[in-house]
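Presented below is the structure to which this report refers.
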2 protein chains.
Amino acid sequence: MDEVLSAVMELFWRQGYEATSVQDLCAATGLGKGSLYAAFGSKQELYGQALRHYVKLTTHDLQAQLLRSVPLRQAVRDLLLDRIEQSLSAPERPGCLLVSAVVERVPHDQGAARIARDAIEALKGAFATALHTARAAGEISTDADVDSLAGYLTAMVQALRVMSISVPDEKQLTAIVDTALSVIPE
Amino acid sequence: MDEVLSAVMELFWRQGYEATSVQDLCAATGLGKGSLYAAFGSKQELYGQALRHYVKLTTHDLQAQLLRSVPLRQAVRDLLLDRIEQSLSAPERPGCLLVSAVVERVPHDQGAARIARDAIEALKGAFATALHTARAAGEISTDADVDSLAGYLTAMVQALRVMSISVPDEKQLTAIVDTALSVIPE
DNA sequence: GCCGTTGTGGACCGCTCGGTCAACCAAGTC
DNA sequence: GACTTGGTTGACCGAGCGGTCCACAACGGC
């Protein structure tokens, strides 16, 4: 089941929703149409499940990176650079399924909209927790507005995903990350 | 010709590339299929022209906003808030054709990739010019790294376009803008 | 060995897709 | 009025779409 969802996720990630046909999905999963429809109901619902799967994986990843016992600023920097590295090293799958879901599906698919909104919320929450911890530890200024900073960092993650596609230049992207990080008050 | 491109742009903007059929485009432009194909060659090329049209309009808009004789920081703030306002007030057309082009088309369409890359470059250039002027006028610190800041602001524009779709909350978005702007050294 | 059940696969459905093409129409020239 | 010409049209094409359905394989209980 999880392997099926992983294969489906991979395909939607690479090709987007509309450009991926149900036949493609059958080929990728090794399942027949009937089985796919019996298990998931429709292409749309299948997409929803795949998106949920993606969110689960990436959120888990991100939280793990934020919980490492390194200074917050460095943890965030590593995290953002990792995302860039991922995009640049996998040219066939350069973006982020969540971002393309937001852009391509959210306006027309309430289910996807819900999942995406929750995912963004969770992302922001993870940043907020990490920022709180860092602030309590005296690592960043007590003036820091944790909520705004968390929203800001969430936006930066999306930004870098988009920029990595159109400007696949590690140097420029790294400069953006470092500029972005200078916001966090010491 | 420009009205045709505007109608086409509008439709691709609202629906994305794959979800828009040639028949939709005929209905929106009032032209028959033959005329459309005679004038543009293929759906892909038509998309390219529409994207170019969009870029021309929005780049012009943005440059005008940056050239107003107000402090740079405020000009940038107004500009970013305008983009948010646009997204929130037009729910059927919430994103940005350029962002969706980057996400949906760039990995599979070299023509679109070229147009998008050039557009991002132009965006960055416009910010760089404005930052240079502001620095020369003593409005921002002479230490400011204009190139990095320009890239950073370009990324922020993309970020807000994505965030406006998934978190359509003006207050949160404004907080992100203000956090983002605190990067610019006084 | 023989059922009932569950899950599978792929032929099949009506439909729409992107793209083509021959017929057609108005306008200009003589 | 006959002819050319540039642009327009929509019927038409093969292919592929999302989705359905039923014959059939796999398998545990008896």
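Just so you know, these numbers come straight off a predicted model, no measurement behind them. Chain A is the first sequence line, chain B the second, and so forth, proteins listed ahead of strands; every chain is numbered from 1.
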Checklist line | Value in whole Å for how far the C1' atom of dG18(C) lies from CZ of Phe40(B) | finding: 16 Å

Check: Do Val183(B) and Ile176(A) belong together in a cluster built from hydrophobic side chains that touch within less than 4.5 Å?
Finding: yes

Item checked: Mutual orientation of the aromatic rings belonging to Tyr17(A) and Phe12(A) [parallel < 30°, tilted 30-60°, perpendicular > 60°] -> parallel

Next item on the list: Scan residues 150-173 of chain B for pairs that pass salt bridge (charged side-chain N to carboxylate O under 4.0 Å, His left out), counting only residues two or more places apart or in two chains.
Entry: none

Checklist line | Sole candidate of Val106(A), Ile120(A), Leu51(A), Leu98(A) that passes side-chain contact (heavy atoms from CB on, under 4.5 Å) when paired with Ile115(A) | finding: Leu51(A)

Item checked: Between dG18(C) (P) and Glu45(B) (CD): distance, integer Å -> 15 Å

Checklist line | Per-nucleotide protein contact string for nucleotides 11-26 of chain D, where B marks a base within reach and S marks sugar-phosphate only (heavy atoms under 4.0 Å, - for neither) | finding: ------SBBBB-----

Check: Rounded to the Å, how far apart are Leu36(B) CG and dG19(C) C1'?
Finding: 11 Å

Checklist line | Criterion side-chain hydrogen bond (donor to acceptor under 3.5 Å, both in side chains) against Arg93(B), the qualifying member of Gln15(B), Glu10(B), Gln86(B) | finding: Glu10(B)

Notebook entry, point to check: Please give, in whole Å, the distance from dG19(C) C1' to Leu31(B) CG?
Noted result: 16 Å

Check: So which pairs with a foot in residues 121-140 of chain B pass salt bridge (charged side-chain N to carboxylate O under 4.0 Å, His left out), sequence neighbours left out?
Finding: Lys124(B)-Asp147(B)

